[in-house]
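Numbers for residues simply follow the sequence, beginning at 1. We use all heavy atoms of the structure for the numbers below, so side chains are in, but hydrogens, waters and symmetry mates are not.
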Amino acid sequence: QVHVVESGGGLVQPGGSLRLSCTASGRIFSINDMGWYRRAPGKERELVATITSGGSAVYTDSVKGRFTISRDNAKNTVYLQMDKLQPEDTDVHYCNAKIVTWRWGSSNDYWGQGTQVTVSS
């Protein structure tokens with residue numbers, strides 16, 4: 001069994017910063033891409049940023065230059081440093097990990113429970 005757990009959300013003023021963390025644990029052989037997605041009320045879940053096991057990152061246009069994704073492979077953990085936050089960044093943020101659970105298997109998507117990020121004065 002695999003668990004994906006996020007932490008680090010909360011309330012911050014416009015222009016402030018937050019750092020999200022996400023750790024995968026359990027029966028893990030390897031992890032391919034890890035990433036962050038977000039969903040505003042009434043909208044579809046959308047990509048924020050992803051990072052490969054080798055450290056190559058992709059960002060959605062609206063967060064480029066403000067957010068930084070990183071990962072610690074030894075800890076099965078991915079981070080999202082969010083700077084210069086704006087009210088439109090208010091969303092539930094979800095962690096995704098593409099995890100291989102045994103040597104000859106393919107990867108499957110595992111999701112965290114979501115963490116609320118609220119940007120408001």
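- Although no hydrogens or angles enter the test, the distance criterion places no donor-acceptor pair under 3.5 Å between the side chain of Gln81 and the main chain of Thr68.
- At least one side-chain heavy atom of Val119 sits under 4.5 Å from a side-chain heavy atom of Thr90.
- Counting heavy atoms from C-beta outward, Cys95 and Trp111 have side chains that stay 4.5 Å or more apart.
- Residues Gln1 and Arg27 fail the side-chain proximity criterion, which asks for heavy atoms closer than 4.5 Å.
- The shortest heavy-atom contact between Ala49 and Leu80 is CB-CD1, 4.4 Å.
- Proximity of Leu47 to Tyr37: side-chain heavy atoms (C-beta onward) are separated by under 4.5 Å at one or more points.
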Would you check, one step at a time, whether the test side-chain contact (heavy atoms from CB on, under 4.5 Å) holds for Val63 with Arg38?
CA-CA 12 Å; Val63 308; Arg38 64 188 179 189; 3.9 Å; yes
Give the C-alpha distance, both sets of side-chain angles, the deciding distance and a yes or no for side-chain contact (heavy atoms from CB on, under 4.5 Å) between Ser120 and Leu11.
CA-CA 7 Å; Ser120 175; Leu11 173 65; 4.2 Å; yes
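- How far OH of Tyr94 is from CZ of Arg39: 4.0 Å, rounded to the nearest 0.5 Å.
- Between Phe67 and Leu85, some side-chain heavy-atom pair lies under the 4.5 Å cut-off.
- We find that Asp91 and Lys43 are not joined by a salt bridge, their nearest charged nitrogen and carboxylate oxygen being 4.0 Å or further apart.
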I would like to know whether Val117 and Leu20 meet side-chain contact (heavy atoms from CB on, under 4.5 Å); could you show each step before the answer?
CA-CA 9 Å; Val117 172; Leu20 305 182; 4.2 Å; yes
Begin with the C-alpha distance, continue with both residues' side-chain angles, and end with the deciding distance and a verdict on side chain to side chain donor-acceptor pair (under 3.5 Å) for Asn76 and Thr23.
CA-CA 6 Å; Asn76 292 336; Thr23 299; over 6 Å; no
Trace of the side-chain contact (heavy atoms from CB on, under 4.5 Å) decision for Thr60 with Glu46
CA-CA 9 Å; Thr60 192; Glu46 65 174 5; 5.5 Å; no
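- Closest approach of Asn73 to Ser53, counting heavy atoms only: ND2-O, 3.0 Å.
- The environment of Glu88 atom CD is dense: over 12 non-hydrogen atoms of other residues, nucleotides or ligands sit within 6.0 angstrom.
- The only option from Ile31, Val100, Asp33 that meets the side-chain contact (heavy atoms from CB on, under 4.5 Å) definition with Ser107 turns out to be Val100.
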